Amino acid sequence: MERRESWSTAETEVLARTLLRAPSVHNTQPWILEFDRDRLLLVERRDLTLPEHDPLGRDRVISCGAALANLEIAVHVLGYEPDTVAFPESDRPEVVASVAPGERALPSADELHRYSAIERRRSYRRRFSGRPVSHQRLGELVMTAASAGVEARPIRDELELTRIAELLEFAAEAHQHDHGYQRELALWTIRDEISHRHGVGLAATALPPGSLPWAGLVRPSTALPDSAVLMHRLAEETLLVFLTLDDTRHDHLTAGHALQTTWLDAVDGGLVGSVLTQPLHLPEVRSALCEDLELAGFPQALMRFGYPSGAVPTSPRRAVDEVLGRGF
């Protein structure tokens, strides 16, 4: 097969804008896209650290995995089979993946649907409408994650929901009284959104006042319900825990890829969702979750799904030229 030399300006615009719409921890968008002739290099930005929330950088790599899913979808839509290699350069561990255009191919219906959902996907931290997600729809989301190499385990049993509620209550209290965590969260929360349409951080309007689990991120003003009330609220939602067999950077990348692919399929079906990772950064919560729910793997994220009860504004995004690195 004849190799192409480079991407056109229009193609580069599609790649960059699709990449920018990926979800990331605290909306840090911790990636750069480099060009090595026709090969795309997704580079983790290790200068963007969250020492209080993400001290080991696990969420940052999960974020890069979500970005990789978007990048592959863009390559599909541009008419190529993506040839992806995870962590391709031993001397540059920050390069989390390379994506080269393979054979010419029309994008599948699934890829076109996911591409359409990218612009509509956003973190929905409000209460859902109350309309239940069907067992068939839930099964389809579980299969999407499995096809990406990750187990998405539904939490539906009353005893499991009770234990999840207890662990979320414990984590929320710990984070609410952690002054370092609260300072970091405040630093990454955008208050003057009108003048920060382009950039990074959590839009204040996307963090409605309220109690767990709807707000997700715990602030000093967050009203914490007791575990019984919280369990009742969780029972109204569809909750998945994303599991990997190991806990390496490769697993974190794979988890992010599967999470985003599943999220896009959910959005395509009219659902909205949000991700909870902060409780899993407490070792006692993560280990208790594994033991009490008898999980066959390492939990990387909790994700809540449901039907929307209202609109949520788009989070700010970097400008295109900020995400393009060397070789462009």
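This structure is a prediction, so every number in the text was calculated from the model and none was measured.
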- [ ] Could you tell me whether the side chains of Thr254 and Asp251 share a donor-acceptor contact shorter than 3.5 Å?
- [x] no
Open item on the list: Applying salt bridge (charged side-chain N to carboxylate O under 4.0 Å, His left out) as the test, list every pair that has at least one member in residues 48-58; sequence neighbours left out.
Closed with: none
Task: Distance-only donor-acceptor check, side chains Arg122 and Thr314, under 3.5 Å - done: yes
Open item on the list: Any salt bridge linking Glu322 with Arg45? Criterion: basic side-chain nitrogen under 4.0 Å from a carboxylate oxygen.
Closed with: no
Open item on the list: We want to know whether His26 and Glu184 form a side-chain donor-acceptor pair, criterion being a heavy-atom distance below 3.5 angstrom.
Closed with: no
Task: Listed once per pair and sorted, the side-chain hydrogen bond (donor to acceptor under 3.5 Å, both in side chains) pairs that draw on residues 142-161, sequence neighbours left out - done: His135-Arg156, Thr144-Asp265, Arg153-Glu160
Open item on the list: Please find the pair of heavy atoms, one from Val150 and one from Ala255, that lie closest to each other, and give the distance.
Closed with: CG2-CA, 3.9 Å
TODO: Hey, can you tell me if His53 and Tyr181 have their rings parallel, tilted or perpendicular (30° and 60° cut-offs)?
DONE: tilted
Open item on the list: Any carboxylate oxygen within less than 4.0 angstrom of a Lys/Arg side-chain nitrogen, looking at Glu237 and Arg304?
Closed with: yes
Open item on the list: Ignoring hydrogens and geometry beyond distance, is a side-chain donor-acceptor pair present between Arg21 and Gln29 at under 3.5 Å?
Closed with: no
Task: Glu140 and Arg137 ion-paired at < 4.0 Å - done: yes
Open item on the list: Does anything in residues 290-302 form a salt bridge (charged side-chain N to carboxylate O under 4.0 Å, His left out)? List the pairs, not counting sequence neighbours.
Closed with: Arg163-Asp292
